[in-house]
Trainee: 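Got a structure for you, written out below as structure tokens; questions coming shortly.
Order of appearance sets the numbers: ligands from 1, and atoms from 1 within every ligand.
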Amino acid sequence: MYAADEQRALYQLSKELLYQPAAQTLFDDPASRMADLCKVLRYHEWRYYVQDDPVISDFEFDQLFDLLRKLEAQHPELVAPDSPTQRVATDWSGAFEQVPHLTPMLSLDNSYDAQDLMDFDTSVKKWCGLDKEAKVEYCVEPKYDGGTIALVYENDRLVRAATRGDGSVGEDITANIRSLKSVPLRADFSQYGIYKAELRGEALIQKAFFEKMNAKRQEMGEPLFANPRNAATGALRMKDPSETAARGLEAFLYQLGYAVNEQEQPVTHPFQTHDDSIHLLEKIGFKTPLTKTAAHQHLPATRTCAGIEEVIRFCSEWQEYRDEYGYELDGMVVKLNSIELQSRCGYTNHHPRWAIAFKFKARQATTRLRDVEFQVGKTGAITPVAKLEPVHLAGVTVSNVSLHNADFIAAKDIRIGDQVLVERAGDVIPYIVKPLEELRTGAEIPVVFPEICPFDASGQVRLQRAEEEAAWRCPSCTCGRQDYQKYVFHVSKSAMDIEGLSKATLERFIQLGWIRSLVDLYRLDYDRIAELDGFGKKSAENLRAAVEKAKKNPIHRLLHSLSIHHLGQKASKLLAAEVQHVLELRNWDLERYQEIKDVGPVLAQNVFQFFQEEQNVQLLKVLEAVGVNLHQTEEDKKPASNTEGPLAGKTILFTGTLEQMSREQAEKRAASAGATIASGVSKNLNILVVGAKAGSKLKKAEALGTVTIWTEAAFMEQTPVEEGAS
Ligand code: IVH
């Protein structure tokens, strides 16, 4: 429908409308500006609803839509009859009978920050005729991201279920909804004098169930669902209700939209507030925002707030918590609690004036990949880093994103100059989801991964790649970059935790020639530091105190700080518990390492190797000479068994190309969750995590039939990252 060059132009225009309003003719030519907005919005609707593959974030879409709405309000004479604002989006599939709703199903107005919510509160008070200073009670509940449903009960029986449709007329999906166990076929409304009721809600699929379903589909070679929402809306429209039932849908009801007695008179006496009505639904057997589910443990899903300040606090708590919740949410909904005040506010033809959605910050955005640079990591791996045109994502500006390794770039066919989709979800580091291939102009340049170390002065050092590893490494780093990364890691919070040695300070000290080895970190000249620009006596003294404190660290921190490949915090603790002095490890053979439960063969080999190298032993001796503790402390003796964590006692293996993290990060994450990294697929393997292009390992695991197979997303879901983990 849209040719590639047309798509490129529309995408470009959208970004200009969003980010360079000054360059446009906002004030002199509203008509052409409005025509532009209509054009791009239609395109994005097509990408979103028809192609199921949006190229801008929901937030960006909403902003374009709001812009058009505002201009149309200022120039009503210019509103095009086919403007996207004039059309109510429908979800009609044509496969079901159409049925009118008892009351129109309206949309919600949107808010994005505290100021928007305060403005909402001000308008509510104005509509209600209340004093500016008055405190109004609001209910805040999740904005579920699934398929909207309307249920009609008559004489206590479920008589009809419908999709939202265009808001006035929906599609009759009663047979499908009857297959959902969470929807009671009978509910005792009559005890409240209610003869006929219409309830609004959302049919959802739990994220964990969704992942399992997708993993199964992957195994069977069936196409995967894009996200739980798509899977849910699709499930509502199955021809065969037993297929709906198999998709694990759950219905949450959040609004009692219509309630009348046998004489068709409105019934409100059993519920004077929204809160009461939800309690009522909960009591007679519905899942509501009040229902405690295994999928949310920490925050209650709903709160009745005394005033907008409490609303703002609760919304921002949820913004942080959303990824831990078992269902997809795209925000929270704030509803005026009193039904009487609600009726004073009334409705626009688009939304109720007594409610507003608080939209969470977008997690995806598109931007241009300007260049790819290479960096050296602490283990010598050459890591490609994407240099992006800065883009705002979930509250931070993102301009550098790791591309992990050559396989990752090749698997995704990422090219310099590409428009790329970037995502940042919760605790996950921003990553590139995919390039937008249809927006290519032909001028994009493939990324060439170096074969020779780009930093070695001789230009002769070939990068090497170990078997079974994705990373290319410089075998003999002499440029200082690897050492620099080692220092950065050594002083970091999870290692020796030396506050005051920021990256900038480290760089400065290195340039001054004050740091040439790890040992130098412990014999700094604080008098000279005090004389440096931007330092002074106080900060020099603070630094001294931090360094002196670090010298006394338990040895598990020291072990972790040495940048031994694969040696994470947990394994460092396990080792530290076994020795009275770090240098005892010199005398350990490979088998001795493997006697420690949860130390796998690869890690054992790495630590063994480290302690066989004389220069490392020397380094530790000199560290001890400058005062760094090498003796086991009381803290080190505490058992750091891997009996904790969601994957405790499990063996895990990764195969194929991971999308959201490097293999190394994934293994670290698995280890922190208590799992042991296996060396291959065998009877002893518990979990196989499959990335893109998984091959023989997946086949072997499937043949064994005893291995649990997870997608990468399922793995992330099962292994929430600890606070402050690096
Ligand atoms: S109340 C008149 N509450 O969001 C009441 N809607 O963007 C209007 N939604 O069409 C709806 N969770 O499908 C309400 N807790 C919640 C919701 C919710 C999700 C959906 C609903 C609505 C859309 C508006």
Trainee: If we only consider heavy atoms of A355, is any one of them less than 4.0 Å away from an atom in ligand 1?
Mentor: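 Contact check A355 vs ligand 1: negative.
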Trainee: Salt bridge or not for K207 and E328, using N-O below 4.0 Å?
Mentor: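 Between E328 and K207 there is no salt bridge, as every charged N stays at least 4.0 Å from the carboxylate O atoms.
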Trainee: Which is it for P289 and ligand 1 at heavy atoms under 4.0 Å: side chain, backbone, both or neither?
Mentor: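 Neither; no heavy atom under 4.0 Å.
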Trainee: Who's the nearest protein heavy-atom neighbour of atom 3 (N) of ligand 1, and how far?
Mentor: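 Of the protein heavy atoms, K335 NZ, 3.0 Å lies nearest.
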Trainee: Looking at R8, Q419, Q7, which hits side-chain contact (heavy atoms from CB on, under 4.5 Å) with E438?
Mentor: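 Only match with E438 under side-chain contact (heavy atoms from CB on, under 4.5 Å): Q7.
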Trainee: Which heavy atom in C315 sits nearest to a heavy atom in M332, and how many Å separate them?
Mentor: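 Residues C315 and M332, closest heavy atoms: SG-CB, 4.1 Å.
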Trainee: Any carboxylate oxygen within less than 4.0 angstrom of a Lys/Arg side-chain nitrogen, looking at D82 and R42?
Mentor: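 Salt bridge present between D82 and R42.
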Trainee: Numbering the atoms of ligand 1 from 1, which are under 4.0 Å from a heavy atom of E141?
Mentor: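 With E141 as reference, the close atoms of ligand 1 come out as 3 (N), 15 (N), 16 (C).
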Trainee: Heavy atoms only: which of K143, M105, R200, E202 is nearest to atom 7 (O) of ligand 1?
Mentor: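 Comparing heavy atoms across K143, M105, R200, E202, the nearest one to atom 7 (O) of ligand 1 lies in K143.
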Trainee: Under 4.0 Å from a heavy atom of V333: which atoms of ligand 1 are those, numbered in the order shown and with their elements?
Mentor: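 Answer for ligand 1: 3 (N), 15 (N), 16 (C), 17 (C).
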Trainee: Quick one: which ligand 1 atoms are inside 4.0 Å of a heavy atom on L108?
Mentor: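 Under 4.0 Å from L108, ligand 1 has these atoms: 6 (N), 8 (C), 24 (C).
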Trainee: With nothing but distance in play, are any N or O atoms of W354 less than 3.5 Å from an N or O of ligand 1?
Mentor: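 Not met; the criterion fails.
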Trainee: Is a side-chain donor or acceptor of H392 paired with a backbone partner of A365 at a separation under 3.5 angstrom?
Mentor: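 Not a single qualifying donor-acceptor pair exists.
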Trainee: More than 12 heavy atoms of other residues, nucleotides or ligands under 6.0 Å from CD of Q74: yes or no?
Mentor: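 Result for CD/Q74: enclosed.
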Trainee: Quick one: which of Y254, Y144, Y347 has a heavy atom closest to atom 22 (C) of ligand 1?
Mentor: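 Comparing heavy atoms across Y254, Y144, Y347, the nearest one to atom 22 (C) of ligand 1 lies in Y254.
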Trainee: When you measure from atom 13 (O) of ligand 1 to every protein heavy atom, which one gives the shortest distance, and what is it?
Mentor: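 It is T148 OG1, 2.6 Å.
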Trainee: Do the side chains of E141 and R303 get close enough for a salt bridge, i.e. N-O under 4.0 angstrom?
Mentor: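 Salt bridge flag = no for R303 with E141.
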Trainee: For ligand 1, which atoms sit closer than 4.0 Å to a heavy atom of P352?
Mentor: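 Answer for ligand 1: 2 (C).
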Trainee: Should K335 and E137 count as an ion pair when the cut-off is N to O under 4.0 Å?
Mentor: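 No salt bridge links K335 with E137.
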Trainee: Below 4.0 Å from any atom of ligand 1, is there a heavy atom belonging to M332?
Mentor: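 Per 4.0 Å heavy-atom rule, M332 does not contact ligand 1.
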